[in-house]
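Worksheet: one structure, shown below.
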Amino acid sequence: MRIAYLSASGAIGGAERALLDLLASLRAAEPGWEMHLVVLADGPLADAAAALGVTVHRLPLPAALARVGDAGAASRLGLLARLLAATPRGLVWLRNLRRLLRRIDPRIVHTNGFKVHVAGLSALPPRARLVWHAHDFAGTRPVMADVLQRLARRASAAIAVSRAVAEDLRRVCGPRLPIHVVYNAVDLERFAPDGPRADLAALAGMPPASPGAVSVGLVATMGKWKGHRVFIDAISRLPANLPVRAYLVGGGIYATAGSEVDPAELRAMIAERGMAERVGLTGFVAEPADAMRALDVVVHASTQPEPFGLVIAEGMACGRAVVATAAGGAGEIVTDGADALAVPPGDAEALASAIARLARDAGLRARLGAAGRATAERRFDRTRLAAEVAPIYRALAGGR
Ligand code: GLC
């Protein structure tokens, strides 16, 4: 079996973390398989994949194309045309991708995001089958939905990270595309209750929190839908005498123009509300498990339905109390009151009361943390990934 994976992002966000876990799981289960990763941007993903024994090929997208995305797009021009054929450099790049894939000669091309779903199809070698790994909703993105719908018949299968993502893709692509739900998983040894803890106060440039303060953190990229403002708003609603120290943990990773919040605006919001001593921004942290272990409460606050919500599974695996907006796939991975607390998206008041409840009740935090770890061990052990994905590849490779 020879597989070529394609990633537009070279940074490690949720979709790339999930890809690394899949690669690690397959490497352990199928040591004889040859795995290649073609990565379209610089960043830590390439080295992380190489460390797993994956052959990495760097094929940077021309900068102007890397910024093109549908996230902030006003026009409804076909993304395919804009992405690949808009410029002579785009065409040259596509020809190079075609050549590279022919050289690798994979049986499966596995694409890990919208841009590469499109690019992978345009450059698919004749003998290869295409598998789309869907980490996001297409239905809410008109340009993308339009393009995927037109291309769907040429993909052989899709993997969706939750039922919600599968249903969305089904609506966009119609009944002919086989869609398999494979929930993401985590490295349960890395995301474990015991281990090093990051000094979040120092990272945020704040004095240490007062002894006994409960630390609460939103762990997220700077994506616009991750709920940074709702989180800050929720913290501002907490009683002033409740000993809570809050952190926004994470940094920007997306090249696409217009898809991220500006940390300076978040700092301004914190300052306006007079909370500079209560809320800080740590910026990007290389080891999220260390950051989670430094927290008592891990918050997920996405304002839109979350395709999966890897941080929820990671927070649970670290044995921390998790608060999550349980819409979309996130709603499929938590059981409110049993292994996490669920709040409605965009509801600062509900988030504030969940945080206040946890801040006041160490017993509840401990119970949710232990139940979360048990859920993670049962449902999110990454050895499951190879067991679920390898048969999909085999069926496609055998069925030509
Ligand atoms: C994307 C989704 C997120 C998911 C991750 C891994 O980043 O937005 O919900 O957890 O991919 O599948």
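Here the structure is a predicted model, which is why all the values come from computation and not from measurement. Numbering of ligands and ligand atoms starts at 1, following listing order.
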Decide yes or no for His117 and Leu151: does some side-chain heavy atom of the first lie under 4.5 Å from some side-chain heavy atom of the second?
->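 With C-beta onward as the side chain, the pair stays apart.
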
If you count the atoms of ligand 1 from 1 in the order shown, which ones are under 4.0 Å from a heavy atom of [X]?
X      : answer
Phe308 : 4 (C), 9 (O), 10 (O)
Glu306 : 2 (C), 3 (C), 8 (O), 9 (O)
Ala15  : 5 (C), 6 (C), 7 (O), 11 (O)

Salt bridge present between Lys226 and Glu306 (N-O < 4.0 angstrom) |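 Judged by the 4.0 Å cut-off on N to carboxylate O distance, Lys226 and Glu306 do form a salt bridge.
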
Closest candidate by heavy atom, reference atom 1 (C) of ligand 1, pool His135, Lys226, His133 = His135

When you measure from atom 4 (C) of ligand 1 to each heavy atom in Gly309, Ala330, Ala134, which option holds the nearest one?
->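 Result: the heavy atom closest to atom 4 (C) of ligand 1 is in Gly309.
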
For ligand 1, which is the ligand I care about here, please tell me if [X] has any N or O atom under 3.5 Å from one of the ligand's N or O atoms.
X      : value
Leu310 : yes
Asp136 : yes
Asn184 : yes

Report the residues that fulfil ring-ring contact (aromatic ring centres under 6.0 Å, His included) with Tyr5, sequence neighbours left out, ordered by chain and then residue number.
->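 Only His110 meet the ring-ring contact (aromatic ring centres under 6.0 Å, His included) criterion with Tyr5.
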
List, one per line, each side-chain donor-acceptor pair under 3.5 Å for residues 384-391, sequence neighbours excluded.
{"residue": "Arg384", "atom": "NE", "partner": "Arg379", "partner atom": "O", "Å": "3.1"}
{"residue": "Arg384", "atom": "NH1", "partner": "Tyr183", "partner atom": "O", "Å": "2.8"}
{"residue": "Arg384", "atom": "NH1", "partner": "Glu388", "partner atom": "OE1", "Å": "3.4"}
{"residue": "Arg384", "atom": "NH2", "partner": "Tyr183", "partner atom": "O", "Å": "3.2"}
{"residue": "Arg384", "atom": "NH2", "partner": "Asn184", "partner atom": "O", "Å": "3.0"}
{"residue": "Arg384", "atom": "NH2", "partner": "Arg379", "partner atom": "O", "Å": "2.8"}

Do side-chain atoms of Ser7 reach the backbone of Ser9 as a donor and acceptor pair under 3.5 angstrom?
-> yes

Would you call the rings of Phe308 and Phe380 parallel, tilted or perpendicular, where under 30° means parallel and over 60° means perpendicular?
->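 Correct class here is perpendicular.
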
